Number of protein chains: 2
Amino acid sequence: MTSAFVRGVGRYATLDAADIAVIESQLEPQVRRYDAGHDIIRQGDKPLHPYLILDGWAYCYKTLPNRRRQIVSFLLPGDVSDLNIGSLRRMDHSIASLTAVTVLELTHPLTSGTHPGIAKALSVRTLASAAIQREWMVNLGQRSAPERIGHILCELFHRLRAVGLTSGNQCFLPLTQTDLAETTGLSLVHVNKRLRDLRSADLLILRGKILTLPNLRALEAASLFNPDYLNLVDVADIVAA
Amino acid sequence: MTSAFVRGVGRYATLDAADIAVIESQLEPQVRRYDAGHDIIRQGDKPLHPYLILDGWAYCYKTLPNRRRQIVSFLLPGDVSDLNIGSLRRMDHSIASLTAVTVLELTHPLTSGTHPGIAKALSVRTLASAAIQREWMVNLGQRSAPERIGHILCELFHRLRAVGLTSGNQCFLPLTQTDLAETTGLSLVHVNKRLRDLRSADLLILRGKILTLPNLRALEAASLFNPDYLNLVDVADIVAA
DNA sequence: CGATTTCTTGATTATTTTCAACGGAGGTGG
DNA sequence: CCACCTCCGTTGAAAATAATCAAGAAATCG
């Protein structure tokens, strides 16, 4: 259970033995599980505390009065939701589970200055999320439909690989085309058609919920994808070198 | 000089006399001025420290290899750029001045845990930026062209009003139509035409660099704008109540 | 197995971009 | 002071891109 924390968060700062002991001793009571497809917290609710994803996929979204939705981020194992969220009066967005998820509720002792190593690691992780959000704005504002779709798939693949959740050129991808549409700001029908183009250009295979990227470099090039913004320490790249 | 700090940041947390003394004693050496239209730090550079805007407008942007640009945020007086930015290897975005700006460089003593009141106020401010970024994603992904343009103008007006930079229904707006295009992810030509529509619907007047909103409520409604996400403590609303 | 969700496709319509051109404002140097 | 230049705003027309509408096929789930 600790492993997702260390994999996802410990990577960005040195956690000493005392830090890890704190995490382990405080883990048990604050771990929660949610089934797939449930809201964990809703837009308008009073915020409680940040969450660290231990296992499964979650996502953040905002709803407009006209019922349209925009997915604003994905939370993968090791990811953290907004750290100081407790300071706000109301949630400006909802967080929901995409698959069954296990989360760690980050109650005060873990995020406060009492354990500087942990707090530092968490805040660097938050900074990484901010960089991802900026890149998503570029995606939504400046890239064409096929580029947007390819870009988000490249991003997810890189992020999953960094936490050991890929195998070869494959990963689990629990997204429907509707989810992809709400992520990329495109209509469902358009996502379907551009996905077909990418498939027939042999840039991806999407069957069941398994995504295969037969030629990651080519998809990256076609999507104007550059992984620098992710600030990942990529295990696969280290091993390959 | 302290006033912009207290107006923009002190609003979100209680700063005690000692905090304010620290800020004032450390202000002088770290204040810098930039002329309009200059990069303060560039994508790819090694990050130095966060900035607090004391006066003037700055903005953050990302450039794609194909020369297209996306503006990802505006920094108004009292706003802070990413706090822990020093932890990253390279800037994922550039920061530039739109007008002449005065900034406070937030060197370590101000952001560290040594002055918890200041650190808290700054981190709440960062959280507010994250909420704004999420709303921008909704803007880019889910709103139509006229809604996008109206929405960003409403946002800027509210943010300026919250720091006392509006007078009546007017404010200074140093943006060209090209800037608006790079913010909203639209082409320059299209921004020009939708702006004309908004003008002829009497929802805005834009002459020189003065923006007038004769009917803010109507523009908000037309743009699906709801100010909750800004988490502002709005002086004008308090006075009006 | 039936019911529901998800995926797929074609046709039509709407929105947005691109291309091309011109006018005005403001600054610079002769 | 005027000629010139550049940046900014404006407009019309054509082309490209994406949304909407409608309907049927495939997959998934109790």
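Bear in mind that the values here come from a model prediction, so they are computed numbers and not experimental data. Quick note on labels: first sequence line is chain A, next is B, and so on, each numbered from 1.
If you measure from atom CZ of Arg199(A) to atom P of dC7(C), you get 10 Å, rounded to the nearest angstrom. Spacing between atom CG of Asn192(A) and atom P of dA25(D) amounts to 16 Å, rounded to whole angstrom units. Following rounding to the nearest Å, Leu175(A) (CG) and dT5(C) (P) show an atom-to-atom distance of 18 Å. dT6(C) atom P lies 19 Å from atom CZ of Arg207(A), rounded to whole Å. Between Glu147(A) atom CD and dA18(D) atom C1' the separation is 15 Å, expressed in whole Å. Between the CZ atom of Arg194(B) and the C1' atom of dT15(C) there is a distance of 9 Å, given to the nearest Å. Spacing between atom CD of Gln142(B) and atom C1' of dA18(D) amounts to 13 Å, rounded to whole angstrom units. The CG-P distance, from Asp179(B) to dG9(D), rounds to 8 Å in whole Å.
Ion pairing between a basic and an acidic side chain is recognised when a charged N comes within 4.0 Å of a carboxylate O; Asp228(A) and Arg89(B) show no such pairing. Using a 4.0 Å cut-off between charged side-chain N and carboxylate O, Arg194(B) and Asp197(B) make a salt bridge. At a threshold of 4.0 Å, the pair Asp45(B)-Arg90(B) does not count as salt-bridged, since none of the basic side-chain nitrogens sits closer than that to a carboxylate oxygen. Under a 4.0 Å N-O distance rule, the pair Arg159(A)/Asp79(A) qualifies as a salt bridge.
Using a 3.5 Å distance cut-off with no hydrogens or angles, the side chains of Asp39(B) and Tyr61(B) do pair a donor with an acceptor.
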All N/O contacts under 3.5 Å from nucleotides 10-13 of chain C to the protein, with atom names and distances to one decimal?
from: dG10(C); atom 1: N7; to: Lys193(A); atom 2: NZ; distance (Å): 3.2
from: dA11(C); atom 1: N6; to: Lys193(A); atom 2: NZ; distance (Å): 3.3

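Within 4.0 Å (heavy atoms only), Thr176(B) reaches sugar-phosphate atoms of the nucleic acid but no base atom. Note on Gly37(B): nothing from the nucleic acid sits closer than 4.0 angstrom, heavy atoms only.
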So Gln170(B) and Thr212(B), side chain to side chain donor-acceptor pair (under 3.5 Å) or not? Walk me through it.
-> CA-CA 4 Å; Gln170(B) 296 194 323; Thr212(B) 308; 2.9 Å; yes
Verify salt bridge (Lys or Arg N to Asp or Glu O under 4.0 Å) between Glu182(A) and Lys62(A), making sure each step is shown before the conclusion.
-> CA-CA 10 Å; Glu182(A) 290 176 344; Lys62(A) 298 193 68 163; over 6 Å; no
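Projected onto DNA chain D by closest heavy-atom contact, Lys209(A) and Ala145(A) fall at different nucleotides, the more 5' of which corresponds to Ala145(A).
Using cut-offs of 30° and 60° on the angle between ring planes, the pair His151(A) and Tyr229(A) is parallel.
Between Pro214(A) and Asn169(A), the closest heavy-atom pair is CA-ND2, 3.8 Å.
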Here DNA chain C, pairs taken as Watson-Crick or G-U under 3.5 Å and shown with ( ), [ ] when crossing and | when to another strand, reads ||||||||||||||||||||||.|||||||
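Distance from the side chain of Leu186(A) is smallest for dA18(D) among the nucleotides dA18(D), dC7(C), dT20(D).
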